[in-house]
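Please read these numbers as outputs of a predicted model, since none were measured by experiment. Every chain is numbered from 1 and lettered A, B, ... according to where its sequence line falls, protein lines coming before strand lines.
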2 protein chains.
Amino acid sequence: MNVMNASPRRKELTRLAAQLFVQEGFDRTTVRMLAQEMGIKSGSLFHHFKDKQEILAAVIEEGTQNALVIARKALDECASGPEVRLRVMARAHLETLFTDRNAHVVALFEWRRLDPDASAHLSHLRDAYEALWVTVIDDALEAGLIHGDRFLVSRFVLGALNWTVRWYDPNGPRSPDDLADELVAMIMPPPA
Amino acid sequence: MNVMNASPRRKELTRLAAQLFVQEGFDRTTVRMLAQEMGIKSGSLFHHFKDKQEILAAVIEEGTQNALVIARKALDECASGPEVRLRVMARAHLETLFTDRNAHVVALFEWRRLDPDASAHLSHLRDAYEALWVTVIDDALEAGLIHGDRFLVSRFVLGALNWTVRWYDPNGPRSPDDLADELVAMIMPPPA
DNA sequence: AGAGTAACCAAGCAAGCGCTAGTGTAAATA
DNA sequence: TATTTACACTAGCGCTTGCTTGGTTACTCT
């Protein structure tokens, strides 16, 4: 088995796995299906991954890692006021959600299939990402841009954004940025 | 096999199945697990349900049916203005979501496991429910209570509400009604 | 040339899967 | 009283599952 996680082959296999996990769901995706999609035999799969669980963990880690990087970069590039930062954060969220769509759908809907160890490790990553959101929401609240309970507002906003993967069509007329702006507009009083 | 769907025994079995489906996920729930939870042997299960698929369909149908009834009743009982109707609808949504929690979690996260026939049948039920939402949102928009695209607003609101099943603790200090009110407050400009 | 290693394969095991067939039994119906 | 119906049982078939084993190929580095 390949001990190091960074092999480029492994990364490509992880991408393919993400796609299948979304198409079929983790439980219905067999190691034989995964292998076929990757152009190898099922036995060879276990050279790259310890077991099926580890493939799932790799998929989720990849997606969450990217989300964190993109969000941090987006926030760093704009040192502007809380309104812009809120919009930028929402845009960054949808950007990751739809460029790494497969990985994120897996992270959102197959998280519970992770074994406890992997779940604990990945929870830290996810918490780091959500912490970014909380600061942005806090600033917006303090500036009087939005109103309500900080905890509830962030949950509601993240829920609305995450749920987009269930209905949004990236090939439709609306861009992800449009979506983000509309959501921010919805929770902010109209410009006087 | 029991042809009629309305047997009280079957209804109880459906409730138990919903619980297991939430705990383990549909795919990981075996007919043997279901049978044990029901206090019978796995073979006996197929006297009540044609196959495993039909159990899933029964669970989802039960939940969606109830949601529709509760929402209609709530709206009928208040012929008030659009603001109250919006609040009432949000409350009704969360009320069903947490009294029939198991069934709804299954409906939200295992829908794709339905075979095409069952899915088509149940889609009509779900569409009827969502149609209620659209009228309520439309009225609120027309009254100038909220602003934005009718399609996007309803998706965002439903997303925020549905996502609560992932983080809300009914035993915590906040009631579902509080939650509903906070969400409505979030998307409405503060009272002048 | 020889050693080491990453990537792969064919074959198959043990366990578990959904589901069926056939039977027993107590209560409801004729 | 005879027959049907509802519900449960035992036993197991045919198949798929995740994963292992033991070995081969192709490439790189010394």
- line: Which of D:dA8, D:dC19, C:dC19 is nearest the side chain of B:Ile40? It is D:dA8
message: Does A:Lys52 reach a base, just sugar-phosphate, or nothing at all? Heavy atoms under 4.0 Å.
response: sugar-phosphate
- line: From CG of A:Leu45 across to C1' of C:dA6 the rounded distance in Å is 15 Å
Protein-nucleotide distance (B:Gln36, atom CD; D:dT10, atom P), rounded to Å: 13 Å
Mutual orientation of the aromatic rings belonging to A:Phe109 and B:Phe109 [parallel < 30°, tilted 30-60°, perpendicular > 60°]: tilted
task: Let me know, please, whether A:Thr29 or B:Leu13 comes out on the 5' side of the other along DNA chain D by nearest nucleotide.
output: B:Leu13
query: Which is it for A:Leu56 and A:Glu110 under the side-chain contact (heavy atoms from CB on, under 4.5 Å) test, yes or no, and what are the steps along the way?
result: CA-CA 8 Å; A:Leu56 177 62; A:Glu110 310 281 2; 4.2 Å; yes
Nearest listed nucleotide, side chain of A:Phe46, among D:dT17, D:dT20, D:dC7: D:dT20
- request: In whole angstrom, give the distance that lies between atom CZ of A:Arg28 and atom P of D:dT16.
  value: 14 Å
- request: For A:Tyr129 and A:His93, test the side chains for any donor-to-acceptor distance below 3.5 angstrom and give the result as yes or no.
  value: yes
message: For C:dA6 and A:Arg10 - does any side-chain N or O of the residue sit under 4.0 Å from the phosphate oxygens OP1/OP2?
response: no
query: Of all the nucleotides listed (C:dG18, C:dA7, D:dG18), which has the minimum atom distance to the side chain of A:His48?
result: C:dA7
- request: Would you kindly check whether a donor in the side chain of B:Arg32 faces an acceptor in the base of C:dG16, or vice versa, at under 3.5 angstrom?
  value: no
query: Touch check for B:Thr30, heavy atoms < 4.0 angstrom, all strands: base, sugar-phosphate only, or nothing?
result: sugar-phosphate
query: Quick check, are the ring centers of B:Trp111 and B:Phe26 under 6.0 angstrom apart?
result: no
task: Round to a whole Å and report the spacing from CZ of A:Phe49 to P of D:dT20.
output: 15 Å
- prompt: Just how far, in rounded Å, is P of D:dG18 from CG of A:Leu56?
  reply: 13 Å
query: What is the distance, rounded to the nearest whole Å, between atom CE of B:Met38 and atom P of D:dC7?
result: 14 Å
message: Any side-chain to backbone donor/acceptor pair from B:Arg101 onto B:Val165? Under 3.5 Å, distance only.
response: yes
